[in-house]
Amino acid sequence: MIYIGLTGWGDHEDLYTHLTNKKDKLITYSSVFPIVELDATYYAIQRTSTINKWCKETPEDFKFIVKAHQYMTGHSDYRSDYTSIKEVFKAFKDMLHRMAKQNKLGFVLLQFPPWFDCTSENIRYVKFAKTMLEPYKVSVEFRNQTWFRSEYKEETLSFLYNNDIIHSICDEPQAGIGSIPFVNRVTDNTAFIRLHGRNIHGWTQKDLSSEEWRNVRYLYDYNRQELEWLKRQVEILKHKSKDIFIVFNNNSGRHAAGNAQNFIEMMDIQYTGLSPKQMKLF
């Protein structure tokens with residue numbers, strides 16, 4: 001099965017042109033896509049009531065890919081809120097419980113920062129993080145080129161395979177050490193592709209403010225030829241995996257929803273079990 005969706009549901013305004021109640025965004029989103037990457041969990045561990053609300057607003061077969069909190073991937077220092085990193089993982093797992101119980105959890109995404117390079121210490125941390133999140137399924141995304149240099153590439157993939165970790169296959173700008181190539185290989189019966197766009201000029205922050213960087217980093221509109229290329233990559237993966245999850249993250253310019261809908265059409269996919277379409281009265 002091929003599942004296609006977006007990162008978050010709040011910013012894709014093209015989906016909500018006729019929506020009168022902004023609180024119904026997730027309901028409307030899940031009438032179009034069967035999955036979503038939940039990025040709110042990167043910024044804050046969500047309350048159980050919030051998780052229950054999101055599960056209630058989505059259909060039975062809908063799945064959340066839950067992005068790990070920034071403390072868990074070293075993007076920021078946990079010590080401002082917790083006494084140990086194990087406490088962070090415990091709080092995060094407690095948050096996942098209700099979602100998993102309702103069969104809405106796809107897997108957890110650990111997206112590591114560009115400075116997380118291929119070292120023995122970092123390899124040990126990946127194993128630690130995976131163990132801390134058991135029994136939940138985990139995907140890892142690297143953003144440092146060293147993991148896929150010729151001398152480490154096969155070892156990296158074998159490491160993910162041997163530890164039952166989903167390899168996050170990335171399409172992103174090739175902008176030096178802080179980016180990775182598109183490696184169309186699976187390490188689990190679930191394949192996962194994240195599409196960040198190809199805006200090479202906006203990929204690194206340089207002298208931009210954080211807000212300016214957010215506005216350009218994922219600014220990209222995939223053209224027909226590029227989506228045809230993606231289709232060929234997915235066709236390869238279909239022979240190597242049971243399920244394929246594809247997330248469009250190129251939304252700085254709000255192109256993700258349109259690209260994803262076009263790709264669903266190109267793949268000739270007709271999803272069933274989505275939320276009912278909201279009726280337009282006038």
Side-chain angles (χ1 to χ4, degrees), residues 3 5-13 15-16 19 21-113 128-141 165-166 168 190 192 194 196 210-211 214 218 245 247-249 251 256-257 274-275:
Y3 302 92
L6 313 175
T7 300
W9 60 83
D11 298 329
H12 310 289
E13 293 303 322
L15 299 177
Y16 313 122
L19 192 63
N21 188 347
K22 297 302 181 183
K23 293 182 179 180
D24 291 338
K25 281 188 175 182
L26 180 54
I27 297 172
T28 302
Y29 174 95
S30 60
S31 72
V32 180
F33 300 108
I35 63 168
V36 72
E37 183 181 302
L38 183 55
D39 59 350
T41 49
Y42 172 81
Y43 301 101
I45 292 176
Q46 304 295 314
R47 294 177 295 182
T48 300
S49 59
T50 302
I51 296 294
N52 283 336
K53 177 178 180 293
W54 291 339
C55 289
K56 185 177 179 180
E57 289 178 348
T58 51
E60 183 179 357
D61 294 331
F62 191 86
K63 293 290 187 291
F64 293 89
I65 300 165
V66 184
K67 193 171 183 180
H69 193 278
Q70 56 190 311
Y71 292 161
M72 298 160 62
T73 48
H75 284 86
S76 58
D77 192 341
Y78 67 84
R79 287 173 289 190
S80 58
D81 294 306
Y82 295 89
T83 58
S84 74
I85 190 63
K86 288 185 178 181
E87 284 188 12
V88 183
F89 277 93
K90 183 182 184 306
F92 191 84
K93 278 185 69 174
D94 289 346
M95 177 197 71
L96 294 175
H97 177 71
R98 292 295 302 171
M99 185 179 288
K101 190 173 182 179
Q102 297 178 61
N103 200 30
K104 295 291 183 75
L105 176 61
F107 48 87
V108 177
L109 167 64
L110 289 159
Q111 178 195 297
F112 288 101
F128 163 79
K130 197 269 179 182
T131 300
M132 289 297 296
L133 288 166
E134 289 176 347
Y136 302 126
K137 207 171 188 65
V138 169
S139 174
V140 163
E141 177 166 317
I165 297 172
I166 300 167
S168 177
T190 295
F192 183 34
R194 294 182 84 214
H196 301 304
S210 294
E211 183 176 355
R214 281 194 298 270
Y218 302 110
F245 288 74
V247 169
F248 283 80
N249 188 38
N251 202 46
L274 299 174
S275 291

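Side chains included, hydrogens not; waters and symmetry mates left out as well; all remaining heavy atoms used.
Judged by distance alone, with hydrogens and angles left aside, the side-chain atoms of H12 form a donor-acceptor pair with the main-chain N or O of T7 at under 3.5 Å. Formation of a donor-acceptor pair under 3.5 Å by the Y29 side chain with backbone atoms of I35 is found in this model. A donor-acceptor pair under 3.5 Å is formed between the side chain of K93 and the backbone N or O of E134.
The shortest heavy-atom contact between T41 and L38 is OG1-O, 3.0 Å. Pairing each heavy atom of F92 with each of A68, the nearest pair is CZ-CA, 3.7 Å. Here the shortest heavy-atom pairing between Y136 and A100 reads CE2-CB, 3.5 Å. A pairwise comparison of heavy atoms in V36 and L6 identifies CG2-O, 3.4 Å as the closest pair. Taking both residues in full, the closest heavy atoms of F62 and P34 are given as CD1-O, 3.3 Å, listed atom of the first, atom of the second, then distance. Of all non-hydrogen atoms in A91 and Y82, the two that sit nearest each other are CB-OH, 4.0 Å.
Within 6.0 Å of the CG atom in D39, the count of heavy atoms belonging to other residues, nucleotides or ligands exceeds 12. Applying the 6.0 Å contact sphere to NZ of K22 captures more than 12 heavy atoms from other residues, nucleotides or ligands. Annotation for Y43: atom OH does not count as buried by contact number, only 12 or fewer foreign heavy atoms lying within 6.0 Å.
Residues L274 and V32 have side chains not in contact (no heavy-atom distance under 4.5 Å, counting atoms from C-beta outward). Residues F33 and Y3 are not in side-chain contact: their nearest non-hydrogen atoms beyond the backbone lie 4.5 Å or more apart. Contact check for F128 versus K86: side-chain heavy atoms found under the 4.5 Å cut-off. Looking at H69 and Y42, their side chains never come closer than 4.5 Å, going by heavy atoms from C-beta outward. A heavy-atom distance below 4.5 Å is found between the side chains of Q46 and W54. Side-chain contact between K67 and L110 is absent, with no heavy atoms from C-beta onward closer than 4.5 Å. At a threshold of 4.5 Å between non-hydrogen side-chain atoms, the residues Y78 and Q70 do not count as touching. At least one side-chain heavy atom of I166 sits under 4.5 Å from a side-chain heavy atom of K137.
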Exercise for the section: Go through the steps to decide whether K63 and T58 satisfy the test side chain to side chain contact (heavy atoms under 4.5 Å, CB included), and finish with yes or no. Expected result: CA-CA 9 Å; K63 293 290 187 291; T58 51; over 6 Å; no

Handout entry: CA sep, side-chain torsions, deciding dist, call: H196, E141, side chain to side chain donor-acceptor pair (under 3.5 Å)
Key = CA-CA 12 Å; H196 301 304; E141 177 166 317; 3.0 Å; yes

Practice task
Would you check, one step at a time, whether the test side chain to side chain contact (heavy atoms under 4.5 Å, CB included) holds for Q111 with S168?
Solution key: CA-CA 9 Å; Q111 178 195 297; S168 177; over 6 Å; no

Handout entry: Full working for side chain to side chain contact (heavy atoms under 4.5 Å, CB included) between L26 and W9
Key = CA-CA 6 Å; L26 180 54; W9 60 83; 3.6 Å; yes

Practice task
Take S80 and Y71, measure what side chain to side chain donor-acceptor pair (under 3.5 Å) needs, and give me the verdict at the end.
Solution key: CA-CA 10 Å; S80 58; Y71 292 161; 3.1 Å; yes

Exercise for the section: Mind running side chain to side chain donor-acceptor pair (under 3.5 Å) on S30 and S275 for me, showing each step along the way? Expected result: CA-CA 6 Å; S30 60; S275 291; 2.7 Å; yes

Handout entry: Verdict with reasoning, T48 to N52, per side chain to side chain contact (heavy atoms under 4.5 Å, CB included)
Key = CA-CA 6 Å; T48 300; N52 283 336; 3.7 Å; yes

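Of the inter-residue distances, the one linking C55 atom SG with R98 atom CZ reads 8.0 Å to the nearest 0.5 angstrom. Within the model, atoms CG of L96 and NZ of K101 stand 14.5 Å from one another, a figure rounded to the nearest 0.5 Å. Between the NZ atom in K53 and the NZ atom in K23 there is a gap of 8.0 Å [rounded to 0.5 Å]. Here the straight-line distance linking atom CZ of F89 with atom OG1 of T131 works out to 9.5 Å at 0.5 Å rounding.
Taking the centre and axis of the six-membered ring of F64, the NZ or CZ atom of K104 falls outside the cone set by 45° and 6.0 Å.
With L109 as reference, I65 is the one residue of T73, V66, I65, V247 to meet the side chain to side chain contact (heavy atoms under 4.5 Å, CB included) rule.
Checked for salt-bridge contact, K25 and E57 miss the test: no charged N lies under 4.0 Å from a carboxylate O.
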